Visitor: 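Right, I'll just put the structure down here and ask away after.
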2 protein chains.
Amino acid sequence: MSPNRSERRDAAENRQRILDSALRLFEQHGVEQVSMNQIAIEAQIGPGTLYRRYRNKGELCLELMKENIILLFEQIEEYLNLNRAESASERLKGVLALFLRFREKKAQLLKGVEESASAGRTKSRTQSPIYHELHQLFVGLFDEMAASAAEPSRLNGVFAADILLTALSSDSYSFQRDVRGHTPETILEQLCLTFIPSP
Amino acid sequence: MSPNRSERRDAAENRQRILDSALRLFEQHGVEQVSMNQIAIEAQIGPGTLYRRYRNKGELCLELMKENIILLFEQIEEYLNLNRAESASERLKGVLALFLRFREKKAQLLKGVEESASAGRTKSRTQSPIYHELHQLFVGLFDEMAASAAEPSRLNGVFAADILLTALSSDSYSFQRDVRGHTPETILEQLCLTFIPSP
DNA sequence: ATATTAAACGGAGACGTCTCCGTTTGTCAA
DNA sequence: TTGACAAACGGAGACGTCTCCGTTTAATAT
């Protein structure tokens, strides 16, 4: 990208080397197996320099996904635009499907993000911008669903979105995948059955 | 307890010292702030000895809660016995209330358990016996609810129980408490609204 | 009593994360 | 060009988890 007005040349070079090194190591050994130290060595910088730029592995993972994340939200926006007429529950399902596709592709990096996030002081969830944006989106859809329901429910849209999001976290999702043997499709189905009032 | 047929005397003494030390340190500084090293030092044993007995802090926390956990399940069983006549959804609510009470009282230790569990190789959830037992219980209730429902649902009881359990995890629960400002009561209410089909 | 042995011990050290701080180095203004 | 300064650097080291392995020791058989 364009040199951000004030990023030193050497810093920019290092940044690129970090990203390249991390990507290579991650692909070769898997995100979980690679330590920040290894990345620092591979990138030929000191650990301090690495941590100066990325407070933890999660931030690095996030950086590596940045473009894909932007793409994801563009897809979502596009889908939402093209399906304005659909019911809120149908649109929720659509958005979920898009996210699940993303989650499948970026499983490892996503996990890397969540692990460091929860390790750090701050509790996690609201941390990652991904989840924050998704949350807002879900709240909107839940509220809309509630508004168009026959009988009003005391169910809080924010709460429902929170729970849905934790169900989409790496921990929960991988568990359904690897232990329960679900496919993305059956997970989507079950999520809809759980979070969307009876059809 | 009774010397388990073959626990060396010195080992038993150490075990007790570990438990005492851990309890004291946890109460004084909070579970999260206390390291296994500190516990080892306080108990006057080597780190290796500590880890030989408890593979991680989580196992130690679990041990510290053992009696309370047993009590919890006794309470649940009693409640279930006294309320056989109630609907499955009502009983689910009752069990949840009991667990939430437990979770409030043992929040720190519970968190300790979950953190080490997820840090370790194995994924977590099914790990802790608490969650495993609760899971079975929930599955039974969900299935019962489905059986007595007007229209059959494709919602999987196992899946619903899994999601409910992740919603009860330290991460999710503390988030609702501390960030969203919920009380145990409102959380219980919202959980019911989320996981129990419209009344 | 003594020998045997399996369990328990303990601490060094591998490896990780992350911070602190003295040193180096672009950059920009004079 | 040069001087000053903020930013970037790097690595030592604090602290944590957890393992490995030579040594000690309680329990049991002789």
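Bear in mind the structure is a predicted one, so any value in this text is a computation, not a measurement. Each chain gets a letter, A, B and so on, in the order its sequence line appears, and its residues count up from 1.
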Visitor: Please list, in numerical order, the residues of residues 46-55 of chain A that have a heavy atom closer than 4.0 Å to any atom of DNA chain D.
Guide: A:Gly46, A:Pro47, A:Gly48, A:Thr49, A:Arg52, A:Arg53
Visitor: Once side-chain hydrogen bond (donor to acceptor under 3.5 Å, both in side chains) is applied, what residue pairs with a partner in residues 185-195 of chain A remain, sequence neighbours excluded?
Guide: A:His182-A:Thr186, A:Thr183-A:Glu185, A:Thr183-A:Thr186, A:Glu189-B:Arg154
Visitor: For DNA chain C, which residues in residues 16-27 of chain B have a heavy atom at a distance below 4.0 Å?
Guide: none
Visitor: Strictly by ring-ring contact (aromatic ring centres under 6.0 Å, His included), give each pair with a member in residues 10-36 of chain B just once, sequence neighbours left out.
Guide: none
Visitor: Quick one: hydrophobic cluster around A:Leu82, which other residues, with the 4.5 Å side-chain cut-off, linked directly or via members?
Guide: none
Visitor: Identify the heavy atoms of A:Leu72 and A:Phe99 that sit nearest to each other, and give their distance.
Guide: CD2-CD1, 4.0 Å
Visitor: Assign A:Glu13 to base, sugar-phosphate, or nothing according to its heavy-atom contacts below 4.0 angstrom with the strands shown.
Guide: nothing
Visitor: Identify every side-chain donor-acceptor pair in residues 35-45 of chain B under 3.5 Å, counting partners at least two apart or on other chains, and give the distances.
Guide:
from    : atom 1 : to      : atom 2 : distance (Å)
B:Ser35 : OG     : B:Asn37 : N      : 3.4
B:Ser35 : OG     : B:Gln38 : N      : 3.2
B:Glu42 : OE2    : B:Arg24 : NE     : 2.9
B:Glu42 : OE2    : B:Arg24 : NH2    : 3.1

Visitor: Identify, between B:Ser35 and A:Gln44, the residue whose nearest nucleotide on DNA chain D lies closer to the 5' end.
Guide: A:Gln44
Visitor: Restricting to pairs with a member in residues 74-100 of chain A, which pass salt bridge (charged side-chain N to carboxylate O under 4.0 Å, His left out), not counting sequence neighbours?
Guide: A:Arg91-A:Glu144
Visitor: Return a table of donor-acceptor pairs under 3.5 angstrom between the side chains of residues 133-142 of chain A and protein atoms on other chains or two or more places apart.
Guide:
from     : atom 1 : to       : atom 2 : distance (Å)
A:His135 : NE2    : A:Val158 : O      : 3.4
A:His135 : NE2    : A:Asp162 : OD1    : 2.8
A:His135 : NE2    : B:Arg180 : NH2    : 3.2

Visitor: Which ones in residues 58-66 of chain B lie close to DNA chain D, meaning a heavy atom under 4.0 Å from one of its atoms?
Guide: none
Visitor: Give me each pair satisfying ring-ring contact (aromatic ring centres under 6.0 Å, His included) with a member in residues 59-90 of chain B, each pair once, sequence neighbours excluded.
Guide: none
Visitor: Taking salt bridge (charged side-chain N to carboxylate O under 4.0 Å, His left out) as the cut-off, I'd like each qualifying pair that reaches into residues 9-21 of chain B, sequence neighbours left out, listed once.
Guide: B:Glu7-B:Arg15, B:Arg8-B:Asp10
Visitor: Where do A:Ala167 and A:Ser172 come nearest, in terms of heavy atoms and distance?
Guide: O-OG, 3.2 Å
Visitor: Between the protein and nucleotides 25-27 of chain C, list every N/O to N/O distance that falls short of 3.5 Å.
Guide:
from   : atom 1 : to     : atom 2 : distance (Å)
C:dT25 : O2     : A:Arg8 : NH1    : 3.3
C:dT25 : O2     : A:Arg8 : NH2    : 3.3
C:dG26 : O4'    : A:Arg8 : NH1    : 3.4
C:dT27 : OP1    : A:Arg9 : N      : 2.9
C:dT27 : OP2    : A:Arg9 : NH1    : 2.7

Visitor: Write down the atom of B:Asp143, the atom of B:Gly157, and the distance for their closest heavy-atom approach.
Guide: OD1-CA, 3.6 Å
Visitor: Looking only at heavy atoms, which two atoms of B:Tyr54 and B:Ile18 are closest? And how far apart?
Guide: CE1-CG2, 3.9 Å
Visitor: OP1 or OP2 of D:dG16 less than 4.0 angstrom from a side-chain nitrogen or oxygen of B:Gln38, does that happen here?
Guide: yes
Visitor: How close do A:Ser169 and A:Arg103 get, heavy atom to heavy atom, and via which atoms?
Guide: C-NH1, 3.5 Å
